[in-house]
Amino acid sequence: MEKMEKKQKIFIISICVIVAIIIVALIGYVITTNQEANTNKNRLANMYEKMMQNETYRITFQLDDNNKYTVSRKGNLANIDTYHNGSHTTDIIKDGNTYLLMYSTKKYYMYQNNETELAELSNTLNEIIQSQEPEKGQEKIDGDNYRYEEYKGVSDFLMNTDENVSEEEINTRFYFDGDDLKYIKTIMGDTSELISVNVSYDVTDDIFEIPSDFQGE
């Protein structure tokens with residue numbers, strides 16, 4: 001009788017061990033599959049998803065000191081701060097309205113029931129991602145190697161609009177260091193424009209306030 005009970009215990013323990021091994025193996029498989037899925041996914045799509053998790057992001061696009069813009073968003077609030085050939089303006093979107101700040105005159109203008117710029121950047125990225133599968137490669141910029149994703153017929157991030165090139169001739173490359181977007185290159189035939197990019201997901205509330213020294217018009 002005792003031998004029978006021992007055999008039953010050994011059998012039960014063996015079954016438990018086998019079940020535990022199978023569970024661990026399944027968990028490992030799921031984790032590996034998810035990691036591979038994330039790795040194979042386009043980096044621009046990953047960045048877009050992170051931006052949209054809580055609709056909070058701050059992204060600066062810079063050609064040079066006189067030409068750059070920063071898009072900051074926090075839910076239904078947005079701030080688009082722009083330097084174009086040295087001229088400084090800011091669009092603040094809140095309460096369903098847009099406020100245009102002119103730094104040269106310290107005046108602002110309100111456009112009621114207008115928030116078209118609130119999701120302009122995220123909508124642009126989504127349209128690019130949905131339009132096609134990118135061509136992928138690697139390229140060195142200033143001695144550092146970056147992975148890129150190239151989308152054809154995309155010109156949304158071109159800052160020097162003096163170039164007279166048809167849309168079909170324009171391609172855009174997004175350069176990543178790991179998962180971080182660092183550069184965007186717009187390729188126009190034999191010429192190109194390279195801008196630096198800085199992305200963060202920390203936005204303070206004060207940038208959505210109109211400075212006290214500005215007067216409304």
- Task: Give the cluster check for I184 versus I128: same hydrophobic cluster or not, with ILVMFWY residues linked at side-chain heavy-atom distances below 4.5 Å.
- Result: yes
- Item | Those residues that, when tested against D202, pass side-chain hydrogen bond (donor to acceptor under 3.5 Å, both in side chains) (two or more places apart) | none
- Approximate separation, where rounding is to 0.5 Å, of L158 CG and N160 CG: 6.5 Å
- Query: Within the distance-only criterion (no hydrogens, no angle test), does the side chain of T172 pair as donor or acceptor with the backbone N or O of V154 below 3.5 angstrom?
  - Reply: yes
- Query: Considering residues at least two apart in sequence or located in another chain, which fulfil the side-chain contact (heavy atoms from CB on, under 4.5 Å) criterion with N66?
  - Reply: D64
- Message: Determine whether a donor-acceptor pair (N or O, by modelled atom type, separation under 3.5 Å) exists between the side chain of R43 and the backbone of D180.
- Response: no
- Message: Restricting to salt bridge (Lys or Arg N to Asp or Glu O under 4.0 Å), what partner residues turn up for E150, sequence neighbours left out?
- Response: K152, R173
- Just jot down the ring-ring contact (aromatic ring centres under 6.0 Å, His included) partners of Y183, sequence neighbours excluded, or say none. Y146
- Item | Distance, nearest 0.5 Å, that separates CD of Q62 from CD1 of I195 | 9.5 Å
- In terms of heavy-atom contacts, Y151 and I129 come closest through CE2-CA, 4.3 Å
- Message: Applying a strict under-4.5 Å side-chain criterion to I, L, V, M, F, W and Y, I'd like to know whether L194 and V199 cluster together.
- Response: no
- Message: Does anything in residues 114-130 form a salt bridge (charged side-chain N to carboxylate O under 4.0 Å, His left out)? List the pairs, not counting sequence neighbours.
- Response: none
- Do you reckon Y111 sits in the same ILVMFWY cluster as M102, going by side-chain contacts under 4.5 Å, direct or chained? yes
- Between the NZ atom in K107 and the CG atom in L101, the distance rounded to the nearest 0.5 Å is 13.0 Å
- Note on the structure: Those residues at least two apart in sequence (or on a different chain) that pass side-chain contact (heavy atoms from CB on, under 4.5 Å) with N76 are L118
- Taking side-chain hydrogen bond (donor to acceptor under 3.5 Å, both in side chains) as the test, write out the residues that go with E133, two or more places apart. none
For a quick test of your reading: what N or O donor-acceptor pairs under 3.5 Å do the side chains of residues 210-217 make, sequence neighbours left out?
from	atom 1	to	atom 2	distance (Å)
D213	OD2	K106	NZ	3.2

- Query: To the nearest 0.5 Å, how far apart are CD in E135 and CG in N171?
  - Reply: 8.0 Å
- Message: Between K50 and Y57, is the side-chain contact (heavy atoms from CB on, under 4.5 Å) condition met? List the steps.
- Response: CA-CA 9 Å; K50 188 172 182 179; Y57 49 85; over 6 Å; no
- Task: Consider only side-chain N and O atoms of N42 and K136, and report whether a donor and an acceptor are under 3.5 Å apart.
- Result: yes
- Query: Does L100 belong to the same Ile/Leu/Val/Met/Phe/Trp/Tyr cluster as V71, with side-chain heavy atoms less than 4.5 Å apart forming each link?
  - Reply: no
- Task: Not counting sequence neighbours, which residues clear side-chain hydrogen bond (donor to acceptor under 3.5 Å, both in side chains) with E49? List them please.
- Result: K41
- Query: Is it true that F157 and F176 fall in one hydrophobic cluster, defined by side-chain heavy atoms closer than 4.5 Å?
  - Reply: yes
- Message: Rounded to the nearest 0.5 Å, what separates atom CG in L121 from atom OG in S72?
- Response: 10.5 Å
Just list the side-chain donor-acceptor pairs under 3.5 Å for residues 84-98, sequence neighbours left out, or say none.
from	atom 1	to	atom 2	distance (Å)
H88	ND1	Y83	OH	3.4
H88	NE2	D81	OD1	2.7
H88	NE2	D81	OD2	3.4
T90	OG1	D81	OD1	2.5
T90	OG1	Y103	OH	3.2
K94	NZ	F208	O	3.3
N97	OD1	N113	N	2.8
T98	OG1	N114	O	2.5

- Using a cut-off of 6.0 Å, state whether more than 12 heavy atoms not belonging to D142 lie near its atom CG. no
- Pairing residues for N54 by the side-chain hydrogen bond (donor to acceptor under 3.5 Å, both in side chains) criterion, not counting sequence neighbours: none
- Distance in Å, L44 CG paired with Y148 OH, rounded so as to fall on 0.5 Å steps: 15.0 Å
- Query: Hey, does the side chain of R73 reach the backbone of G75 with a donor-acceptor pair shorter than 3.5 angstrom?
  - Reply: yes
- Query: Among K182, K185, R147, whose salt bridge (Lys or Arg N to Asp or Glu O under 4.0 Å) with E139 holds?
  - Reply: K185
- Considering residues at least two apart in sequence or located in another chain, which fulfil the ring-ring contact (aromatic ring centres under 6.0 Å, His included) criterion with Y108? none
- Query: Closest heavy-atom contact between A119 and S122?
  - Reply: O-OG, 3.1 Å
